Trainee: 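Dropping the structure in here first, questions after.
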Amino acid sequence: MELPYYAVIFTSKRTEVDENYSEMATKMVELAQLQEGFLGIESARNDIGITVSYWRALEDIKNWKQNLDHLDAQKMGVSKWYENYIVRIALVEKEYSFEK
């Protein structure tokens, strides 16, 4: 990814309700991939879930947040799937990696 870019870090604790959660999560990834400025996504879940999506610009993040299907998923998350969540938006100015 070309620097700088933005990371949206979504950290959550789930409820016991699983009703259609996996289907909605898959749909949100598919929709995000179609959004202008989307660069990628990484996700992990154990006791807490952490999903990091990467975006070219703040305007792209704002547009994704206002996507009607994404708004529906957010409402479901608050009413059914999450005990709590935190969203953090960070500017990534430097990165490095290791790979065997």
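Numbering starts at 1 and runs along the sequence shown. All values derive from a computational prediction rather than experimental measurement.
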Trainee: Rounded to the nearest 0.5 Å, how far does OH of Tyr6 lie from CG of Leu39?
Mentor: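 One finds 12.0 Å between CG of Leu39 and OH of Tyr6.
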
Trainee: From Thr11 OG1 over to Ile50 CD1, what is the distance, rounded to the nearest 0.5 angstrom?
Mentor: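 Going from OG1 on Thr11 over to CD1 on Ile50, the span is 5.0 Å.
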
Trainee: For residues Val78 and Trp81: do they belong to one hydrophobic cluster (side chain heavy atoms under 4.5 Å, members Ile, Leu, Val, Met, Phe, Trp, Tyr)?
Mentor: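 Yes, same cluster.
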
Trainee: Excluding sequence neighbours, so at least two apart, what forms side-chain hydrogen bond (donor to acceptor under 3.5 Å, both in side chains) with Tyr85?
Mentor: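 Here no residue qualifies.
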
Trainee: Could you measure the distance from the CG atom of Asn63 to the NE2 atom of His70? Nearest 0.5 Å is fine.
Mentor: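 Rounded to the nearest 0.5 Å, the CG-NE2 separation comes out at 12.5 Å.
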
Trainee: Looking at Asn67 and Trp64, would you say the former's side chain and the latter's main chain have a donor-acceptor pair under 3.5 Å?
Mentor: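 The answer is no, because no donor-acceptor pair under 3.5 Å joins these two groups.
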
Trainee: Dump the intermediate steps for ring-ring contact (aromatic ring centres under 6.0 Å, His included) on Trp55 and Phe38, then the final yes or no.
Mentor: CA-CA 5 Å; Trp55 300 85; Phe38 178 82; 5.2 Å; yes

Trainee: So do the side chains of Tyr82 and Arg14 get within less than 4.5 Å of each other, counting heavy atoms only?
Mentor: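 Answer yes - side chains close enough.
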
Trainee: Determine whether Val29 and Val8 fall in the same hydrophobic cluster, where Ile, Leu, Val, Met, Phe, Trp and Tyr are linked whenever their side-chain heavy atoms lie under 4.5 Å apart.
Mentor: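 Val29 clusters together with Val8.
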
Trainee: For residues Ser12 and Arg45, determine if any side-chain heavy atom of one lies less than 4.5 Å from a side-chain heavy atom of the other.
Mentor: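 A side-chain contact exists here, since the closest heavy-atom pair is under 4.5 Å.
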
Trainee: Heavy atoms, side chains only, cut-off 4.5 Å: are Tyr21 and Met76 in contact?
Mentor: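 In short, these two side chains do not touch, never coming nearer than 4.5 Å.
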
Trainee: How long is the straight-line distance from CG of Leu31 back to OG1 of Thr26, given to the nearest 0.5 Å?
Mentor: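 It is 11.0 Å, given to the nearest 0.5 Å.
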
Trainee: Run the side-chain hydrogen bond (donor to acceptor under 3.5 Å, both in side chains) test against Lys62 and tell me which residues pass, sequence neighbours left out.
Mentor: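 Applying side-chain hydrogen bond (donor to acceptor under 3.5 Å, both in side chains) to Lys62 gives none.
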
Trainee: Apply side-chain hydrogen bond (donor to acceptor under 3.5 Å, both in side chains) to Gln35 and list each qualifying residue two or more places apart in sequence or on a separate chain.
Mentor: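 Once residues adjacent in sequence are excluded, Gln35 has no partner under the side-chain hydrogen bond (donor to acceptor under 3.5 Å, both in side chains) criterion.
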
Trainee: Distance check, rounded to the nearest 0.5 Å: Met28 atom CE versus Gln74 atom CD?
Mentor: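 Result: 9.0 Å between the selected atoms.
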
Trainee: State plainly whether one hydrophobic cluster holds both Ile41 and Leu58, where clusters connect Ile, Leu, Val, Met, Phe, Trp and Tyr through side-chain heavy atoms under 4.5 angstrom apart.
Mentor: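 Cluster IDs for Ile41 and Leu58 match.
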
Trainee: Indicate yes or no: at least one non-hydrogen side-chain atom of Pro4 is less than 4.5 angstrom from one of Leu91.
Mentor: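 Yes. Closest side-chain heavy atoms under 4.5 Å.
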
Trainee: Going by salt bridge (Lys or Arg N to Asp or Glu O under 4.0 Å), name the pairs with one or both residues in residues 85-100, residues two or more places apart or in two chains.
Mentor: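 Every candidate salt bridge (Lys or Arg N to Asp or Glu O under 4.0 Å) pair involving residues 85-100 fails, so no pair, neighbours aside, qualifies.
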
Trainee: For Thr15, enumerate each residue passing the side-chain contact (heavy atoms from CB on, under 4.5 Å) test, keeping only those at least two apart in sequence or located in another chain.
Mentor: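 Thr15 satisfies side-chain contact (heavy atoms from CB on, under 4.5 Å) with Val17, Glu83 once adjacent residues are dropped.
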
Trainee: Going hydrophobic residue to hydrophobic residue with side-chain gaps under 4.5 angstrom, can you get from Tyr54 over to Ile61?
Mentor: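 Different clusters.
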
Trainee: Going only through I, L, V, M, F, W and Y residues with side-chain contacts under 4.5 Å, is there a path from Met1 to Ile9?
Mentor: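 Yes, same cluster.
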
Trainee: To the nearest 0.5 Å, what is the distance between CG (Asp60) and CD (Glu36)?
Mentor: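 Here the rounded value is 6.0 Å.
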
Trainee: Could you list the residues that satisfy salt bridge (charged side-chain N to carboxylate O under 4.0 Å, His left out) with Lys65, not counting sequence neighbours?
Mentor: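 With neighbours one apart ignored, the set is empty.
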
